[in-house]
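As structure tokens, the structure follows; a few thoughts come after it.
All values below were derived from every heavy atom in this structure, side-chain atoms included, with hydrogens, water molecules and symmetry-related copies excluded. Predicted model only: the values in this text are computed from it and were never measured.
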Amino acid sequence: MTPDLLPTFAPWFDLAGLAVFAASGALAAARRAQTMVTLAFFALITGVGGGTVRDLLIGAPVFWVHDSRAPAVCLTVALVIWATPEKWWRGAALDWFDAVGLAAYAVYGAAKALRFGVPPLPAALMGVVTACVGGVIRDVLAGEPSIIMRPELYVTAAALAAALFVVLTLLGLPMIGAALIAVLAGFALRAAAMRFRLALPAYRGRR
């Protein structure tokens, strides 16, 4: 495998993250018995929110404005959720898909930042932004406590995936290999957090 294979796989990382986050946005609206238009809006803003902020910060063309696949995926996901029974979307299945999307999107965001000449540390942070900001926007619009304000390991899993990808790339590992390892590591941490209720220590103030 050679470094130039990553651009071949990168769109799939991007679309996987988009679909999962769009689903979480559409479900946030569906659980409040909103209209199809609202589901579509939530799906779009959740799916593309993180990538939009990333592109604006690194000086890249905003991806979904120039690639119709991105909004098409978001709107299709919203339509599928609108047309299917509510019982299909109950339980923890979406949380597991979200864990995959979180790790994949973090790696994709870091990889894109590196391609645009962003230094390693900011590039890793762009991966976190890509993976997490859409969920923050969704929660704010839905009036829910933001995912980043919860004690469970969520942002930490995105940070692990993005940082590990950047480090492995700097060490000379082929980018596709670094991406796969980083996605697996981020997913594993998020999965462990969900399974065992892992959380970082909370601030306790001065004693």
Side-chain angles (χ1 to χ4, degrees), residues 1-22 46-67 69-70 73 95-136 147-148 152-196 198-201:
M1 293 184 179
T2 57
D4 61 352
L5 285 177
L6 183 63
T8 301
F9 287 87
W12 297 105
F13 280 79
D14 190 22
L15 294 177
L18 274 173
V20 171
F21 292 132
T46 307
V48 305
T52 299
V53 173
R54 175 205 61 219
D55 287 348
L56 291 173
L57 289 174
I58 68 176
V62 177
F63 73 106
W64 63 275
V65 176
H66 301 277
D67 184 353
R69 291 177 299 176
V73 166
D95 290 336
W96 291 101
F97 283 113
D98 181 77
V100 176
L102 179 77
Y105 226 23
V107 169
Y108 177 80
K112 183 168 185 179
L114 288 175
R115 289 202 305 273
F116 274 79
V118 177
L121 179 57
L125 294 176
M126 288 301 101
V128 177
V129 167
T130 304
C132 298
V133 166
V136 172
I147 186 66
I148 65 172
E152 63 190 82
L153 298 181
Y154 188 86
V155 177
T156 307
L160 173 64
L164 185 58
F165 171 76
V166 171
V167 169
L168 292 176
T169 301
L170 292 176
L171 292 176
L173 195 69
M175 293 185 75
I176 184 60
L180 292 175
I181 292 171
V183 168
L184 288 174
F187 170 76
L189 180 58
R190 178 61 183 147
M194 292 190 296
R195 177 67 179 83
F196 301 108
L198 301 181
L200 294 174

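- R190 places a side-chain N or O within donor-acceptor distance of the main-chain N or O of L153, the cut-off being under 3.5 Å.
- With a 4.5 Å cut-off on side-chain heavy atoms, L173 and F165 do not count as touching.
- Nearest heavy atoms, A124 versus A162: O-CB, 3.4 Å.
- In this view, L160 and A185, L189 satisfy the side chain to side chain contact (heavy atoms under 4.5 Å, CB included) rule, not counting sequence neighbours.
- The two atoms that bring L102 and A157 nearest to each other are CD2-CB, 3.9 Å, heavy atoms only.
- Heavy-atom minimum distance, V183 versus A103: O-CB, 3.4 Å.
- A158 approaches C132 most closely through the heavy-atom pair CB-SG, 4.0 Å.
- In this structure, the separation between CG on D98 and CE on M194 is 7.5 Å, given to the nearest 0.5 Å.
- Considering CG of L184 and CD1 of I181, their distance stands at 8.0 Å, rounded to 0.5 Å.
- Partners of P61 according to the side chain to side chain contact (heavy atoms under 4.5 Å, CB included) rule, which considers only residues two or more places apart in sequence or in another chain, are H66, F116.
- Relative to the ring axis of Y108, R54 does not place its NZ or CZ within 45° and under 6.0 Å from the centre.
- In summary, of the residues considered (V129, V20, V100, T130), a side chain to side chain contact (heavy atoms under 4.5 Å, CB included) with Y105 occurs for T130 alone.
- Considering every non-hydrogen atom in both L114 and P120, the closest pair reads CD2-CA, 4.3 Å.
- A pairwise comparison of heavy atoms in F21 and G47 identifies CB-CA, 4.2 Å as the closest pair.
- Contact check on K112 versus D55 returns a salt bridge, with a Lys/Arg side-chain nitrogen under 4.0 Å from an Asp/Glu carboxylate oxygen.
- Within the 4.5 Å cutoff, no side-chain heavy atoms of I148 are placed close to those of Y154.
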